[in-house]
> 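Mind looking over this structure? Questions follow.
Order of appearance sets the numbers: ligands from 1, and atoms from 1 within every ligand. Since the structure is predicted, the reported quantities are computational estimates derived from the model, not experimental observations.
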Amino acid sequence: MSLRVAILISGGGSNMVTLVDSMTGDHPARPCLVLSNRPEAGGLDKARARGIPVAVVDHRPFGKDRKGFEVELQAALEAAKPDVICLAGFMRVLTAEFVTRWQGRMLNIHPSLLPKYKGLDTHARALAAGDAEAGCSVHLVTPELDDGPVLGQTSVAIAPGDTADSLAARVLVEEHRLYPEVLRQFCENLRQS
Ligand code: GRF
């Protein structure tokens with residue numbers, strides 16, 4: 001029996017597409033849901049085009065009521081019954097209570113070499129610090145933002161004249177390689193456990 005993977009997005013969904021396209025053949029998992037907190041997220045149509053069920057839980061009507069938003073998010077997830085959740089460009093910070101419920105089964109991709117540069121604007125911060133390399137990390141999600149155990153990482157050399165955008169574009173290529181690789185290994189381990 002294949003494991004079921006739900007993917008949470010907020011934007012274009014390029015990481016989501018690489019995850020979905022990787023779950024074929026002898027892969028131990030299959031996508032069961034793509035969910036966005038923004039109805040206008042471009043990734044939703046890419047998921048529909050691949051025949052993946054989609055759902056939207058718009059966070060805006062909830063304002064600062066994170067728990068209210070998460071009650072609906074949890075209901076949508078429970079309906080899809082995922083074994084694993086992948087955050088892929090999902091830009092909502094989840095409460096400790098919600099994360100704890102899925103702990104050990106929720107992954108995230110972050111565009112830095114964690115533990116460096118948790119949070120936003122990772123490439124601009126690496127450039128401002130004069131770093132020689134940047135990169136991306138896939139980690140388990142824990143209540144502390146971008147703090148969970150790192151399951152995989154790829155570094156990317158910073159080139160003279162790099163801007164945050166040019167660096168982000170090169171790191172994104174590595175994200176598309178790293179996330180499917182880590183998800184596959186994670187699911188194989190989960191299935192053997
Ligand atoms: C990626 O760079 C990811 O690391 C970050 O947000 C971006 C999302 O890109 N959290 P996409 O929506 O997967 O194209």
> For atom 1 (C) of ligand 1, what's the nearest protein heavy-atom neighbour? Residue, atom name and distance, please.
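Its nearest protein heavy-atom neighbour is Glu175 OE1, 3.2 Å.
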> Could you find the nearest protein heavy atom to atom 14 (O) of ligand 1 and give me its residue, atom name and distance?
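Nearest protein contact, heavy atoms only, for atom 14 (O) of ligand 1 is Ser14 OG, 2.5 Å.
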> Which of the atoms in ligand 1, numbered in the order shown and given with their element, are less than 4.0 Å from a heavy-atom of Pro111?
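What qualifies from ligand 1 is 4 (O).
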> Which protein heavy atom lies closest to atom 12 (O) of ligand 1, and at what distance to 0.1 Å?
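Going atom by atom, the protein heavy atom closest to atom 12 (O) of ligand 1 ends up being Gly13 N, 3.0 Å.
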> When the ring planes of Phe90 and Phe69 are compared, do they come out parallel, tilted or perpendicular, using 30° and 60° as the limits?
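Answer is parallel, since the angle falls under 30°.
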> Would you find more than 12 non-hydrogen atoms of other residues, nucleotides or ligands less than 6.0 Å from Glu144 atom CD?
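No, because the 6.0 Å sphere around CD of Glu144 holds 12 heavy atoms or fewer from other groups.
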> Check for me whether Leu172 has a heavy atom closer than 4.0 Å to any atom of ligand 1.
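Contact present.
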> Which protein non-hydrogen atom lies closest to atom 8 (C) of ligand 1, naming both residue and atom, and how far is it?
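Among all protein heavy atoms, the one nearest atom 8 (C) of ligand 1 is Gly89 CA, 3.7 Å.
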> Could you tell me whether Glu40 and Arg60 make a salt bridge, using a distance below 4.0 angstrom between a side-chain N and a carboxylate O?
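Judged by the 4.0 Å cut-off on N to carboxylate O distance, Glu40 and Arg60 do form a salt bridge.
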> Are Asp131 and Arg125 within salt-bridge range, i.e. N to O under 4.0 Å?
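Judged by the 4.0 Å cut-off on N to carboxylate O distance, Asp131 and Arg125 do not form a salt bridge.
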> Polar-atom distance check: His110 versus ligand 1, any N or O pair below 3.5 Å?
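His110 vs ligand 1: no N/O contact under 3.5 Å.
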> Applying the side chain to side chain contact (heavy atoms under 4.5 Å, CB included) criterion to Leu8, which one of Val57, Asn37, Leu73, Val34 satisfies it?
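Of all the options given, the one that passes is Leu73.
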> Identify which of Leu87, Asn15, Asn108 has a heavy atom lying nearest to atom 9 (O) of ligand 1.
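Among Leu87, Asn15, Asn108, the closest heavy atom to atom 9 (O) of ligand 1 comes from Asn15.
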> I'd like to know if the side chain of Lys118 and the backbone of Leu145 have a donor-acceptor N/O pair within less than 3.5 Å.
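No; judged by distance alone, with no hydrogens or angles, the pair does not exist.
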